[in-house]
Amino acid sequence: MKDKLICGCVRMYRSDIEKSILNGAHTYTEIQEKTGAGTSCGNCRPLVEKIIRETISGLDE
C-alpha cells in the first residue's frame with residue numbers, strides 16, 4: 001500500500017503519524033507536538049484522529 005500524505009502543510013505521512021503513536025503519542029495534541037501535523041490549518045485533524053483510533057485499536061488485538 002502506498003503511504004498517504006495526511007498533512008500537506010508540514011508534509012506528514014500516515015507512516016510518520018503511526019510511528020509517533022507507536023512511540024507513545026496517543027492524542028491529537030501529542031501528535032501535533034511530535035510531528036507538527038495539524039499545527040497549521042488543522043484540516044487533517046479528522047484523519048489524524050482516525051489514524052490514532054485505528055492504530056491504538058490494532059495494538060489491543
Side-chain angles (χ1 to χ4, degrees):
M1 175 170 60
K2 185 178 176 187
D3 202 6
K4 184 177 179 184
L5 181 65
I6 301 300
C7 180
C9 295
V10 297
R11 306 227 16 104
M12 199 57 47
Y13 287 83
R14 181 181 181 104
S15 62
D16 301 313
I17 295 168
E18 289 171 341
K19 286 176 194 169
S20 292
I21 295 166
L22 295 174
N23 287 320
H26 293 162
T27 67
Y28 178 72
T29 302
E30 290 171 340
I31 294 295
Q32 285 181 303
E33 291 169 359
K34 299 277 185 186
T35 68
T39 58
S40 187
C41 76
N43 285 335
C44 64
R45 183 175 186 148
L47 282 174
V48 171
E49 290 176 337
K50 181 179 182 210
I51 294 167
I52 293 168
R53 286 191 305 274
E54 290 174 352
T55 304
I56 289 175
S57 71
L59 295 174
D60 293 337
E61 295 176 355

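- Every side chain to side chain contact (heavy atoms under 4.5 Å, CB included) that Lys50 has, sequence neighbours left out, goes to Arg53, Glu54.
- With hydrophobic clusters built from ILVMFWY side chains whose heavy atoms lie under 4.5 angstrom apart, Ile56 shares a cluster with Ile17.
- Under the salt bridge (Lys or Arg N to Asp or Glu O under 4.0 Å) criterion, Arg45 pairs with Glu49, not counting sequence neighbours.
- Counting only residues at least two apart or on different chains, the salt bridge (Lys or Arg N to Asp or Glu O under 4.0 Å) pairs with a member in residues 17-28 are Arg14-Glu18.
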Could you give the side-chain donor-acceptor pairs of residues 33-40 under 3.5 Å, partners two or more places apart or in another chain?
from: Thr35; atom 1: OG1; to: Ile31; atom 2: O; distance (Å): 2.7
from: Thr35; atom 1: OG1; to: Ala37; atom 2: N; distance (Å): 3.0
from: Thr39; atom 1: OG1; to: Gly36; atom 2: O; distance (Å): 2.5

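- Atom CD1 in Ile52 sits 11.0 Å away from atom CG in Leu47 (nearest 0.5 Å).
- Contact record, Met12 with Asp16: SD-CB, 3.2 Å, taken as the closest heavy-atom pair.
- Applying the side chain to side chain contact (heavy atoms under 4.5 Å, CB included) criterion to Ser15, with sequence neighbours excluded, gives Asp3, Tyr13.
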